[in-house]
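Please read the structure below before turning to the comments.
When a residue number appears, it is its place in the shown sequence, counting from 1.
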Amino acid sequence: MAQMYNKEENTSRQPWWETGVIYQVYPRSFQDTNQDGVGDLNGVIQRLDYLKWMQVDCIWLSPVFRSPMADFGYDISDYTGIDPLFGSIDDFDRLISEVHRRDMKLILDLVPNHTSDQHPWFRESRKDLHNRKRNWYIWQDGGPDHTPPNNWKSVFGGPAWEYDSATGQFYYHAFLKEQPDLNWRNPEVWQAILDVMRFWLEKHVDGFRVDVMWHMVKDELLRNNPSQPGTDPASDFYDDYLPVYSTDQPEVHEIVRAMRELLESYGQKVLIGEIYLPVSKLIHYYGKDNKGAHLPFNFQLLTAEWKAEQISAIINEYEGALPEGGWPNWVLGNHDQRRIATRIGLPQARVAAMLLLTLRGTPTLYYGEEIGMTDVAIPRSEIVDPQGLGFPDLYASRDPGRTPMQWDSSPYAGFSQTKAWLRLAHNYNEVNVANQQHAPASMLNLYRKLIDLRKNEPAFTRGAYTPLYTDQQVLAYVRAAPEGDKFMVVLNLTAGPARFDPPHQQWHGEVVINTLPGREGLPTSGPILLNGDEGLIIRLEPGAGQPEDPASTEGLATTGSTPPRIR
Ligand code: NOJ
């Protein structure tokens, strides 16, 4: 493995979620230890040394709570119990202590927008109109002939209202009918969910990723959502409407603030929000005086067209929009999306890794991206994802990006000793952790080097971001902190060769990481010729960027900290 950077400990006072790397474990698919074909908590424990080796700081665990699994754990029937499929509460206790023993963090998925329809709260609520839990969910009379109360659609397709004949009313479900939405206008619901958070905080979890945070509060009057211009006003598709009344209501921020306050009373705990909104709306989730979510997930790279000019515009818009003191973050993949290597191809996925780990802000990795896992084609008869089943002709299934982790080339890829709940990638024999750990040029070792550099260089953990140059192929920027070295990142986002002329010919440096083999350790100066799909991180020579130096970045707009100044 190429050189690693063992510099002095980062002495800044930044909280761990600003300097660290978050890794999402989708527990069903990470490691099976009881040979039922589904991953479990003991499996996560078994693989902690691997995550430590990768220098991951924090594990975000997708839901492991009791659930009928209509939406694979995002339909919870007991918020404080572990589903037997994943293990027991003792396994969980062991997991958290093993994580902490390795000086890592563990955050849980909190799903406060909806429960399972099997949750005792909902069972109670649906019993009768005057039940004490009736108002914990969103119940409403329909129109004549049982027409739903309004035109809101489920994200998974069809009306978001389900008629319940027991009481003759409808209940609202933003997702499956098996996932009734809680009524966050009811203070008892606040207390109940804050109690759930307390339960896990008492077990020393390090924070939460809050599921669909922007969905939690709905318009009090339940007004109809407007149709998207040009769509059929009778459409049954969620995306054919502008969800202005069913999501992103101003009252949500009070809830987020209460969650944050609770977390802060337990010390350095992180609050992350899952929020799919444009930047102009997303930034409100930092809250008034930055007392909202620490990290409202920034998903722009998930949907962006993979073009240098687009990516550059996204970064600039985001950097420009962040509130003072709001810490940025970037996400390249998660369990709801197509995998990055499928979206942009394997060679560019290496460039994407370099981008993710050199941008300003906390990076979140999705399991398997570090070895370049790709989506696995799942035959129609094997689809299990409710979104895929709901839209069979739209290729909406999320199964392809949730297949078992590829650990080695043994019969079930080291994931299990039996057939897994989802089929394995056909190429797991070649694409797996064991192979890549020993191949210096592998994707895994690229990730590892990038994480290592990031952790050891203040330029990346707290330095400013200065855009340098963008054209139809190249994206180039500088990362520099007042202390430590200064780096230039040059990415070719196309498969063709490209040329980049640094703004100042005097910029000399040394390539420290290259997405392709061959240039690490070599000096650079003057024009940089890039191969297709090539990305470079160049450590600039001390002196470059001083105000008196012709290579100064002064005058270039910089975000994130004081303008670059070099030792
Ligand atoms: C967002 C989760 O990431 C997704 O997997 C789930 O289906 C929905 N929320 C509903 O909980």
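Looking at heavy atoms from C-beta onward, Val376 lies out of side-chain contact with Leu422 at the 4.5 angstrom threshold. Residues Arg102 and Leu51 fail the side-chain proximity criterion, which asks for heavy atoms closer than 4.5 Å. Contact of the Ile340 side chain with the Leu301 side chain is not registered, since no non-hydrogen atoms from C-beta on lie closer than 4.5 Å. Between Asp75 and Phe175 there is no side-chain heavy-atom pair separated by less than 4.5 Å. Using a 4.5 Å cut-off on side-chain heavy atoms (C-beta onward), Lys153 and Asp240 make no contact. With contacts defined as side-chain heavy-atom distances shorter than 4.5 Å, the pair Tyr241/Gln228 does not qualify. Residues Trp407 and Tyr50 form a side-chain contact, since some pair of their non-hydrogen atoms from C-beta on lies under 4.5 Å apart. Looking only at side-chain heavy atoms (C-beta outward), Ile193 and Leu110 come within less than 4.5 Å of each other.
Ser116 and Glu178 form no side-chain donor-acceptor contact under 3.5 Å, judged by distance and modelled atom types alone. Checked by atom type, the side-chain pair Arg94/Asn42 shows a donor-acceptor distance below 3.5 Å. Side-chain N/O atoms of Asn150 and Asn224 include no donor and acceptor closer than 3.5 Å. In this model, a donor atom of one side chain and an acceptor atom of the other lie less than 3.5 Å apart for Asn183 and Asn135. For the 3.5 Å distance criterion, the side chains of Gln300 and Asn298 qualify, holding a donor opposite an acceptor.
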**OP:** Apply side-chain contact (heavy atoms from CB on, under 4.5 Å) to Ile22 and Val270, showing your working.
**Re:** CA-CA 11 Å; Ile22 301 175; Val270 70; 6.0 Å; no

Original post:
For Asn186 and Lys133, what are the C-alpha separation, side-chain angles and deciding distance, and is it a side-chain hydrogen bond (donor to acceptor under 3.5 Å, both in side chains)?
Top reply: CA-CA 10 Å; Asn186 180 348; Lys133 290 257 178 344; over 6 Å; no

**OP:** Before giving the answer on side-chain contact (heavy atoms from CB on, under 4.5 Å), spell out for Val44 and Gln46 the whole-Å C-alpha distance, their side-chain angles and the decisive distance to 0.1 Å.
**Re:** CA-CA 5 Å; Val44 182; Gln46 190 180 307; over 6 Å; no

**OP:** Show the numbers, then the answer: is there a side-chain contact (heavy atoms from CB on, under 4.5 Å) between Leu242 and Asn225?
**Re:** CA-CA 6 Å; Leu242 294 160; Asn225 281 326; 5.8 Å; no

Original post:
Does the pair Tyr171 and Phe122 meet the rule for a ring-ring contact (aromatic ring centres under 6.0 Å, His included), with working shown?
Top reply: CA-CA 10 Å; Tyr171 65 86; Phe122 188 70; 4.9 Å; yes

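Cation-pi geometry between Arg360 and Trp327 is met: the NZ or CZ atom falls under 6.0 Å from the ring centre, inside 45° of the normal. Seen from the ring of Tyr395, Arg380 does not count as a face-on cation partner, given the 6.0 Å and 45° thresholds.
For the atom pair OG1 of Thr33 and CD of Gln417, the computed distance is 10.0 Å after rounding to the nearest 0.5 Å. Taking CZ of Phe72 as the start and OG of Ser62 as the end, the distance is 13.0 Å to the nearest 0.5 Å. A distance of 9.5 Å separates CD of Gln179 from NE2 of His173, quoted to the nearest 0.5 Å. Distance CG/Leu85 to CG/Asp83: 5.5 Å, rounded to 0.5 Å. Between atom CE of residue Met197 and atom CE of residue Met259 there is a gap of 5.0 Å, rounded to the nearest 0.5 Å.
By the 4.0 Å N-to-carboxylate-O rule, Asp93 lies close enough to Lys203 to be salt-bridged with it. Look at Arg398 and Asp71 and you find a salt bridge, because one of the NZ, NE, NH1 or NH2 atoms lies within 4.0 Å of a carboxylate O, short of that distance. Between Arg134 and Asp128, none of the side-chain N atoms (NZ, or NE/NH1/NH2) sits under 4.0 Å from a carboxylate O, so this pair counts as no salt bridge. Of the charged side-chain nitrogens involved, none lies within less than 4.0 Å of a carboxylate oxygen, so that Asp164 and Lys127 do not count as a salt-bridged pair. Using a cut-off of 4.0 Å between Lys/Arg side-chain N and Asp/Glu carboxylate O, Glu98 and Arg101 are scored as salt-bridged. At a threshold of 4.0 Å, the pair Lys52-Asp49 does not count as salt-bridged, since none of the basic side-chain nitrogens sits closer than that to a carboxylate oxygen.
In this structure a side-chain-to-backbone donor-acceptor pair under 3.5 Å is missing from Asp206 to Ile107. The main-chain N or O of Leu262 is never found under 3.5 Å from a side-chain atom of Glu264 such that the two would form a donor-acceptor pair. In this structure, the side chain of Ser29 engages the main chain of Arg402 through a donor-acceptor pair within 3.5 Å. Formation of a donor-acceptor pair under 3.5 Å by the Gln31 side chain with backbone atoms of Gly39 is not found in this model. Tyr318 contributes a side-chain N or O that, together with a main-chain N or O of Asn329, makes up a donor-acceptor pair within less than 3.5 Å. Side-chain N or O atoms of Gln249 include one that pairs as donor or acceptor with a backbone N or O of Val244 at under 3.5 Å. When atom types are taken as modelled, the side chain of Asp91 and the backbone of Ser88 share a donor-acceptor pair closer than 3.5 angstrom. Of the possible polar contacts, none joining the Trp17 side chain to the Lys269 backbone as a donor-acceptor pair under 3.5 Å is found. Between the Asp78 side chain and the Phe65 main chain, no donor and acceptor come within less than 3.5 Å of each other. The backbone N or O of Gly157 sits nowhere less than 3.5 Å from a side-chain atom of Asp236 that would complete a donor-acceptor pair.
A parallel orientation is assigned to the rings of Tyr74 and His335, their planes being inclined by less than 30° (bins at 30° and 60°). The aromatic rings of Tyr26 and Trp421 are tilted relative to each other, their planes meeting at an angle between 30° and 60°. Ring geometry for Tyr172 versus Trp161: interplanar angle of 30 to 60°, hence tilted. Aromatic ring orientation, Phe30 versus Tyr23: perpendicular (interplanar angle above 60°, classes split at 30° and 60°). Note: His119 and Tyr79 have tilted aromatic rings, judged against thresholds of 30 and 60 degrees for the angle between ring planes.
Taking the ring centroids of Phe92 and Phe86, they lie at or beyond the 6.0 Å cut-off. Between Trp200 and Phe208, the distance separating the two ring centers is not shorter than 6.0 angstrom.
Test Arg339, Arg343, Gln337 against Asp375 for side chain to side chain contact (heavy atoms under 4.5 Å, CB included) and you get one pass: Arg339.
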